[in-house]
Amino acid sequence: MNGPVIGELAQRLDEAQVRGKDILSLADTHEIDIDQAYRIQQELVERRLARGESLTGVKLGFTSQAKMAQMGVSEVIVGRLTSGMRHSHDSMVDIGQFIHPKVEPEIAYRLARDVDGTVPIESCVDAVAAAVEIIDSRYRDFRFTYTDVVADNTSAAGYAIGPWQKFSDVNNRPVRLSVGSTEVTGSTNAILGDPARALGALEDVAKRRGIPLRAGYIVLAGAATAAIGLTAGPVDCQIEGLGPVSFIGSVS
Ligand code: 0L1
Ligand code: MG
């Protein structure tokens with residue numbers, strides 16, 4: 001697959017996000033390998049940066065054994081977070097901008113220094129927080145292949161972070177996420193058995209895929225429960241000893 005085709009597919013995904021209109025799987029018409037999928041993702045994110053957004057972090061997907069098995073893969077996927085996706089705790093989030101958004105309760109880590117392989121990634125982290133990630137696949141009905149979802153920046157669409165706390169062990173913490181009257185519960189150990197493992201998994205994939213990990217970045221470690229639909233009204237996430245983090249879904 002040559003450069004112009006990579007650009008054309010990134011453009012297709014970008015237009016889907018900007019217009020809030022879904023598209024069909026790229027795999028229906030193109031054979032895409034995983035390296036090409038990360039190149040499409042890179043070009044897709046560059047379009048956001050060209051519109052004035054800045055990089056704020058990275059996120060992991062496929063961090064549960066069940067999801068990896070479902071997709072037939074054995075490595076996590078990594079996407080990029082930008083300033084345009086950031087929402088403050090307790091803010092209003094216009095859900096009309098999305099196609100079919102869902103939310104997930106997550107652990108967020110904050111990098112205090114660049115990850116360059118000279119020290120363990122854990123020593124680059126200074127803080128941890130509860131987070132809600134908004135995912136919004138640009139593909140119709142959330143139907144995608146492994147390479148499709150990597151190209152689509154791992155469905156990244158938004159996030160809100162609760163109060164930061166000093167970096168510590170947050171494994172085996174009960175988690176609760178509600179959207180209006182719909183509630184899911186789980187545990188932080190659903191994230192790779194321990195969310196701290198997400199850091200090593202991230203470092204490995206980021207190194208192989210040429211994704212820089214910079215001081216100040218937020219790392220969304222992965223979902224602690226299945227995602228639930230985002231509808232208008234209050235969204236609230238509680239993780240024992242962390243959080244809370246909330247926002248209101250609004251329709252303009
Ligand atoms: O952040 C996530 O867990 C989502 C990864 C992409 C897969 C999906 O959209 O369900
Ligand atoms: Mg997620």
Side-chain angles (χ1 to χ4, degrees), residues 13 16-17 20 22-27 32 34 37-38 40-41 44-45 56-82 85-87 93 98-109 128-162 170 175 177 179 184 186-193 195 197-199 201-202 205-206 209 211 217-230 235 237 239 242-243 245 247:
L13 284 162
Q17 184 257 313
D22 60 13
I23 60 171
L24 297 177
S25 160
L26 304 181
I32 304 170
I34 189 65
Y38 275 101
I40 297 168
Q41 179 190 121
L44 176 61
V45 173
T56 55
V58 290
K59 58 157 284 188
L60 282 84
F62 298 173
T63 48
S64 75
Q65 292 303 330
K67 190 74 184 184
M68 273 192 206
Q70 182 195 331
M71 298 305 292
V73 298
S74 56
E75 83 173 30
V76 300
I77 56 175
V78 176
R80 260 60 82 83
L81 303 174
T82 67
M85 302 178 189
R86 184 173 51 203
H87 300 282
V93 177
F98 304 119
I99 302 168
H100 38 201
K102 300 181 187 182
V103 281
E104 302 177 320
E106 304 225 0
I107 291 290
Y109 294 108
V128 61
V132 175
E133 185 189 10
I134 303 171
I135 57 170
D136 190 32
S137 175
R138 270 51 70 164
Y139 301 111
R140 186 161 304 165
D141 302 328
F142 267 83
R143 288 160 65 114
F144 45 70
T145 66
Y146 172 49
T147 53
D148 276 335
V149 70
V150 168
D152 185 25
N153 197 21
T154 67
S155 307
Y159 65 93
I161 310 274
V170 292
V175 174
L177 174 70
V179 177
V184 278
S187 165
T188 54
N189 68 10
I191 306 165
L192 291 174
R197 292 200 187 118
L199 295 167
L202 167 66
V205 174
R209 306 296 172 201
I211 298 172
Y217 271 15
I218 285 157
V219 174
L220 291 184
T225 69
I228 53 175
L230 172 59
V235 176
C237 172
I239 298 180
L242 296 172
V245 54
F247 61 84

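Both counts, for ligands and for their atoms, begin at 1 and track the order of listing. Predicted, not measured: the structure shown is a model, and the values here were computed from it.
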Checklist entry - Tell me, which protein residue and heavy-atom name are nearest atom 2 (C) of ligand 1, and how many Å apart are they? => result Glu104 OE1, 3.3 Å
Item to check | Name of whichever N/O/S atom of Glu106 is nearest to the Mg ion (ligand 2) | outcome: OE2
Checklist entry - Of all the non-hydrogen atoms in the protein, which one sits nearest to atom 5 (C) of ligand 1, and at what distance? => result Thr154 O, 3.7 Å
Checklist entry - For atom 8 (C) of ligand 1, what is the nearest protein heavy atom, given as residue, atom name and distance? => result Phe144 CZ, 3.5 Å
Checklist entry - For the Mg ion (ligand 2), which N, O or S atom of Glu133 is at the shortest distance? => result OE1
Item to check | Side chain to side chain, Met71 and Phe144, heavy atoms closer than 4.5 Å | outcome: yes
Item to check | Atoms in ligand 1 flagged as close to Val149, the criterion being non-hydrogen separation under 4.0 Å | outcome: 6 (C), 7 (C)
Item to check | Distance filter under 4.0 Å to Lys67 heavy atoms, resulting ligand 1 atoms | outcome: 10 (O)
Item to check | Protein heavy atom at shortest distance from atom 1 (O) of ligand 1 | outcome: Lys59 NZ, 2.7 Å
Checklist entry - Any side-chain heavy atom of Val78 within less than 4.5 Å of one from Phe62? => result no
Next on the checklist: Using the rule given for side-chain contact (heavy atoms from CB on, under 4.5 Å), can you reason through Tyr159 versus Glu106, listing the C-alpha separation, both sets of side-chain angles and the distance that settles it, and then say yes or no?
Outcome noted: CA-CA 10 Å; Tyr159 65 93; Glu106 304 225 0; over 6 Å; no
Checklist entry - If we only count heavy atoms from C-beta on, is the Leu177 to Glu104 side-chain gap below 4.5 Å? => result no
Checklist entry - Phe142 heavy atoms, cut-off 4.0 Å: which ligand 1 atoms fall inside? => result 9 (O)
Checklist entry - How does Ser137 reach ligand 1, if at all, at less than 4.0 Å between non-hydrogen atoms: by side chain, backbone, both, or neither? => result neither
Item to check | Side-chain heavy-atom pair Lys59, Thr154 within 4.5 angstrom cut-off | outcome: yes
Next on the checklist: Contact between Thr56 and Met85 at the side-chain level, heavy atoms closer than 4.5 Å - yes or no?
Outcome noted: no
Next on the checklist: Which residue and atom name correspond to the protein heavy atom nearest atom 9 (O) of ligand 1, and how close is it?
Outcome noted: Ser155 OG, 2.6 Å
Item to check | Sub-4.0 Å heavy-atom approach of Lys102 to ligand 1 | outcome: no
Checklist outcome for this item: Restricting Glu104 to its N/O/S atoms, the closest one to the Mg ion (ligand 2) is OE1
